[in-house]
> 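Let me give you the structure first, and then I'll get to my questions.
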Amino acid sequence: MISNPIRETIRIMPRGNEEIAGLLQEYAELLQITGGDPFRTRNYEKAAKSISGFSGDAGQLDEAGLQKIVGVGKSIAAKIVECQLSGVFTQLSELRAKVPEGVRAMTRIPALGPKHAFQLYTELGISSVDELSDAIAEGRLRDLKGFGARSEEKISRGIELVRGLDQRTPINVAAEIADRIVAVISAVDGCERCQYAGSLRRFMETIGDVDILAAAADSAPLMAALLAMPQVQSVIASGDTKTSVRISTEQAGQPGSIQVDLRVVPADCWGAALQYFTGSQAHNIAVREIAVRKKLKLSEYGLFEAESGDLITSATEEEIYARLGLDFVPAPMREDRGEVQAAARHEIPALVSLAEILGDLHSHTTLTDGVASLEEMVSAARAKGYAYFAVTDHAPNLFMQRMTIEKMLAQREQLHKLESGQAGNGATPMILLHGTELNIAPDGSVDWPEDVLAGFDLCIASVHSHFDQSRAEMTRRFRFACENPQVNIIGHPTARRIGKRAGVDVDFAELFRACAETGTALEINSQPQRLDLPSDHLRAARDAGVKFAISTDSHAVGALDLLRYGVGTAQRGWLTPDDIINAWPLERLREFLAA
DNA sequence: GCCGTTTTCGGCCCGACTGTTTTCAGTCG
C-alpha cells in the first residue's frame, strides 16, 4: 500500500480551545439553571472565556499547564484532562440528563433567565422555545407564581427576536447607528457630553447592543430625544438614568434591529461612568476586585472609600485607574485577558493607533473587481496623507476576474506615470507600490512563475477556494505559500466570513512558525465581515515572531475608511507599531519586503 | 470552584429597572 504523507501526520487531535470552552460554558449554564452556587457558576464561565482566548492549545496541556491559565484551578484542570483522555465529563452528562437542551435555548430569550426557564420546565413541562410559544398562546403561564400578563408579552416579543437570524450586528453597522444617536443626543439642550461605550468602543467584531453615555443635569430631555427617534421600534425599559430601546438597522435591505441603551449621568462622574459602561463586564469585575482589596468601592458613580463612602475620584478614567495603582487600560484591551495584571505591573504596551498607519497595502481597482479606477483609488489614498499605497489587483487563477499578464503590465506602467505625474507640486509625493493578490492553490502554489512575481513590489497570497481541506492539508498549503520567496503577506488568513462562513481549519502554531521563519507577514483585513486574522490569535502570532499588515482590501474609495476596524482589531491583540509593517517608514518596509 | 504582599478559609462587583410583589427576586449589563 502506498503511504499517504498527509495522512501520516494526523494524530488523534485532542479537543481544541473552543470545544473545551464550549463544554465549560454549557456546564456553567446548566449549573445556573439548576440553581447551583452562583460563584461556582461564574468561575466556570470565567474559565471558559479564559480558555477561549488562550493563545496556546489548551488541549495539549497537562493539569499543571492548565492551572497556569487564569481561572483554571485544580478541579477544572482535572475535568479537562479527564475529558481529553476518556471523552467523559461526568458532571456535565448528569446535568444534561436533568435539563433538556431546549430549556437552555429558552434562556437565550431576552427577559427570560435561567430561574424562570427552569421553573417553566419543572412546573409546566415546557422544554423548548416552540412549546413555550404554544403555552403562552394557551394562557398557561398566567397562573404561575412570578408570571403575569406583562411577562407573557415580554417573553413573546423575545421569542420573535431569537427566531430572527443574525442577532449580533456587524461593527460598522452598529457604529453608524451609534454615531447618528450620539449626534441627536449631543444636540439636545443641556447635554454636556455624549459618546458611545460598550463593545463598540472595545472594537469587538460584532455588537450585541449599542451603549450610549451622556452627561447632563436633567436626563429627561435626552431620554425624550432618543424615544422620539423615528427608528425606535419598541421601548424595553425607561427610567431616570437609563433607557433601553430597540432600533431598526437596515443592512442591504435586510430588516434587523439592535438594542440601544442610553445612560445619563451627572457630568462630574463622567470618568467612572465611562469606565463602567465600556466594560467588558469581566474587566470591570477584575478592576472592582482590586478596588475591594484596597478597601475601596468602584461603581459607575465613582471610586469611594468603602468605610466612609467618601468620594475619591470620578472625573476621568485615567484618574480612576491611577488611584487603583493601575496603568490606564485602552478600551480594546478590556477583556480580562491579562490586561489588569499587566496594568498592575505597569506593562501596558503603547498600542498602534490609526494615525501611525503610513499606508494601505491591499486594494483593488476596476481592472479586476474594484469599482473605482486606479486614478480614483490613488487620489483617495493621497487625500488620506499616506506615505505609500499599494495597488494589489487579483491574479489570473481567480478566473472570473479575467486578469492577464498584459493587463497587469499595462497597470504597472500607468501606476508609474501617476507617480511621476505628482512630482513638482510641492507636497511630499506618495510612493505607489505595484502589488498583486495571488491565489493559494490547494497544493500551496500561486498564480504566476517566480520571475513574473519578482516584478512586483509586493505580493499578497490568499486562500479563495477549497476552504474545507483537512487541517494537515491546509497547514501544508500555507507553509508552502510562505516558503515562496516572492510572497510577502498572507491575506485574510482564516478566510472566514463573520456570521456566514467559519474560518479554515489550520494549525495556527505551525502557520505562525512558518510565517516567522520565512519573514511572511499576516494580514489584519479591516473589512467588517472579515476582521481576519481575528484578534484572538494576534498575541500568539506576535509571540511566535510574526509581523502584520493592517489593510483595508478596498474595492471602492469609501472602503479606505474601514482601516479603523483593522487598527481596533490590532489593539485588541495588544499590537504596537513595531509589530505592524505598514506603520514603518518606507525604507524599513522595503527591507522587509526584499528580505 | 478559584484565589491570596492582610488570608490555604472565607470571601467572591455593583447598580438599574421590571413585574409581581406588600419587601423582593429575577434579569441585565
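Chain letters run A, B, ... following the sequence lines, proteins first and then strands; every chain starts at 1.
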> Detail all sub-3.5 Å separations between protein N/O atoms and N/O atoms belonging to nucleotides 15-18 of chain B.
residue, atom, partner, partner atom, Å
B:dG15, OP1, A:Lys297, NZ, 2.9
B:dA16, OP1, A:Tyr301, OH, 3.1
B:dA16, O3', A:Thr241, OG1, 3.0
B:dC17, OP1, A:Asp240, N, 3.4
B:dC17, OP1, A:Thr241, N, 3.1
B:dC17, OP1, A:Thr241, OG1, 3.1
B:dC17, OP1, A:Lys242, N, 3.0
B:dT18, OP1, A:Ser238, N, 2.8

> Measure from NE2 on A:His283 to C1' on B:dC13 and round the result to the nearest Å.
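For the pair A:His283 NE2 and B:dC13 C1', the rounded distance is 13 Å.
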> B:dG11 and B:dT7: how far apart are their P atoms, nearest whole angstrom?
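Rounded to whole Å, the distance is 14 Å.
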> Using the test side-chain contact (heavy atoms from CB on, under 4.5 Å), find all partners of A:Lys297 that sit at least two apart in sequence or belong to another chain.
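A:Lys297: side-chain contact (heavy atoms from CB on, under 4.5 Å) contacts with A:Phe304.
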> For nucleotides 2-8 of chain B, read 5' to 3', which letter fits each nucleotide if B means a protein heavy atom sits under 4.0 Å from the base, S means only the sugar-phosphate is that close, and - means neither?
SS--B--
> Is the closest basic N to carboxylate O distance between A:Glu205 and A:Arg496 below 4.0 Å?
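Salt bridge between A:Glu205 and A:Arg496, a charged N being under 4.0 Å from a carboxylate O: yes.
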> Between the main-chain N or O of A:Cys83 and the side-chain N or O of A:Ser86, is there a donor-acceptor pair closer than 3.5 Å?
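Answer holds: no.
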> Nearest-Å distance, CZ (A:Phe147) to C1' (B:dT20)?
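For the pair A:Phe147 CZ and B:dT20 C1', the rounded distance is 11 Å.
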> Can you check the distance between B:dT21 and B:dG26, where both ends of the measurement are the C1' atom (answer in whole Å)?
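Per the computed distance, 12 Å lies between those C1' atoms.
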> Let me know the distance between CD1 of A:Ile155 and C1' of B:dG19, rounded to the nearest Å.
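The answer, rounded to whole Å, is 11 Å.
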> NA contact type, A:Ile109, heavy-atom cut-off 4.0 Å: base, sugar-phosphate, or nothing?
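Here A:Ile109 touches the backbone only, sparing every base.
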> Under 4.0 Å, heavy atoms only, any strand: does A:Ala149 hit a base, just the sugar-phosphate, or nothing?
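The residue A:Ala149 makes sugar-phosphate contact but no base contact.
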> On DNA chain B, does the nearest nucleotide to A:Asp37 precede the nearest nucleotide to A:Gln281 from the 5' side, or the other way round? Give the residue.
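Going by which nucleotide is closer to the 5' end, it is A:Asp37.
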> Taking only the side-chain nitrogens and oxygens of A:Lys79, find out if one of them lies under 4.0 Å from OP1 or OP2 of B:dG1.
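Indeed, a polar side-chain atom of A:Lys79 lies that close.
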> Assess whether salt bridge (charged side-chain N to carboxylate O under 4.0 Å, His left out) is satisfied between A:Lys46 and A:Glu289, documenting all intermediate values.
CA-CA 14 Å; A:Lys46 185 170 180 175; A:Glu289 279 169 354; 5.1 Å; no
> For residues 329-343 of chain A, which residues have at least one heavy atom under 4.0 Å from DNA chain B?
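When residues 329-343 of chain A is checked for heavy atoms under 4.0 Å from DNA chain B, there are no hits whatsoever.
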> Going through the distances and angles, do A:Glu300 and A:Lys242 end up as a salt bridge (charged side-chain N to carboxylate O under 4.0 Å, His left out)?
CA-CA 12 Å; A:Glu300 56 264 55; A:Lys242 184 179 155 187; over 6 Å; no
> Quickly work out the A:Phe118 CZ to B:dT27 C1' distance and round it to whole Å.
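After rounding, the gap between these two atoms is 18 Å.
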> Rounding to an integer number of angstrom, what distance separates B:dC13 and B:dC28 when you compare their C1' atoms?
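Taking atom C1' in both B:dC13 and B:dC28, they lie 14 Å apart.
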> Going by atom types only, do A:Thr552 and A:Gln527 share a side-chain donor-acceptor pair under 3.5 Å?
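There is no such pair between these side chains.
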> For A:Lys145 and A:Tyr27, take the nucleotide of DNA chain B holding the closest heavy atom to each; which residue's nucleotide lies nearer the 5' end?
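The residue whose closest nucleotide sits nearer the 5' end is A:Tyr27.
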> Any salt bridge between A:Arg140 and A:Glu131, counting N to O under 4.0 Å?
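The answer is no: the pair does not qualify as a salt bridge.
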> In whole Å, what is the span from the CG atom of A:Asp261 to the C1' atom of B:dG29?
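In whole Å, B:dG29 C1' lies 8 Å from A:Asp261 CG.
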> In whole Å, measure the gap between the C1' atoms of B:dT22 and B:dG15 for me.
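After rounding to an integer number of Å, I get 23 Å for this pair.
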> Side chains of A:Arg246 and A:Ser257: do they bring a donor and an acceptor to under 3.5 Å?
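Result is yes, a qualifying pair exists.
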> If you measure from the P atom in B:dC14 to the same atom in B:dC9, how many Å do you get, rounded?
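One P to the other, the span is 25 Å.
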> Is any side-chain N or O of A:Arg40 closer than 4.0 Å to OP1 or OP2 of B:dC12?
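Result: no.
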> So if I take every side-chain heavy atom of A:Tyr44 and compare against B:dG29, B:dG1, B:dC13, which nucleotide ends up nearest?
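Of the candidates, B:dG1 comes closest.
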> Could you walk me through whether A:Arg323 and A:Thr313 pass the side-chain hydrogen bond (donor to acceptor under 3.5 Å, both in side chains) check?
CA-CA 8 Å; A:Arg323 185 57 185 76; A:Thr313 183; over 6 Å; no
> Could you give me the CA-CA distance, side-chain angles and deciding distance for A:Glu123 and A:Lys145, then say whether salt bridge (charged side-chain N to carboxylate O under 4.0 Å, His left out) is met?
CA-CA 10 Å; A:Glu123 295 183 22; A:Lys145 190 169 187 292; over 6 Å; no
> My understanding is that a pair needs two contacts under 3.5 Å, Watson-Crick or G-U wobble. By that rule, which nucleotide pairs with B:dA16?
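Across any shown strand, B:dA16 pairs with B:dT27.
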> Base, sugar-phosphate, or nothing: which does A:Pro38 touch, judged by heavy atoms less than 4.0 Å apart?
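No contact.
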> For A:Leu23 and B:dG1, give me the distance from atom CG to atom P, rounded to whole Å.
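My rounded result for the distance is 16 Å.
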> Measure CD/A:Glu152 against P/B:dG19 and give the value in whole Å, please.
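Between P of B:dG19 and CD of A:Glu152: 13 Å.
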> Can you measure A:Leu324 atom CG to B:dC13 atom P for me and round it to whole angstrom units?
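Value for this atom pair: 15 Å.
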> In a table with atom names and distances, give each donor-acceptor pair under 3.5 Å that connects a side chain of residues 529-540 of chain A to protein atoms at least two apart or in another chain.
residue, atom, partner, partner atom, Å
A:Asp532, OD1, A:Thr494, N, 3.0
A:Asp532, OD1, A:Thr494, OG1, 3.0
A:Asp532, OD2, A:Thr494, N, 3.0
A:Asp532, OD2, A:Thr494, OG1, 3.1
A:Asp532, OD2, A:Ala495, N, 2.8
A:Asp536, OD1, A:Arg337, NH1, 2.9
A:Arg539, NH1, A:Arg337, O, 3.1
A:Arg539, NH2, A:Arg337, O, 3.3

> Please state the C1' separation for the pair B:dT23 and B:dG19 - nearest whole angstrom.
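Taking atom C1' in both B:dT23 and B:dG19, they lie 14 Å apart.
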> Pairing donors with acceptors under 3.5 angstrom, does anything connect the side chains of A:Thr576 and A:Asp579?
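Result is yes, a qualifying pair exists.
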> How far, in whole Å, is B:dT20 from B:dC24 if one measures between their C1' atoms?
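Roughly 9 Å separates the two C1' atoms.
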> Which is it for A:Glu335 and A:Arg202 under the salt bridge (charged side-chain N to carboxylate O under 4.0 Å, His left out) test, yes or no, and what are the steps along the way?
CA-CA 9 Å; A:Glu335 297 291 348; A:Arg202 300 200 314 276; 2.8 Å; yes
> Donor-acceptor pairs under 3.5 angstrom involving side-chain atoms of residues 206-230 of chain A: please list them, not counting sequence neighbours.
residue, atom, partner, partner atom, Å
A:Thr206, OG1, A:Arg168, NE, 2.7
A:Asp218, OD1, A:Ala220, N, 3.1
A:Ser219, OG, A:Asp240, O, 2.5

> In whole angstrom, give me the gap between the P atoms of B:dG1 and B:dT5.
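Per the computed distance, 23 Å lies between those P atoms.
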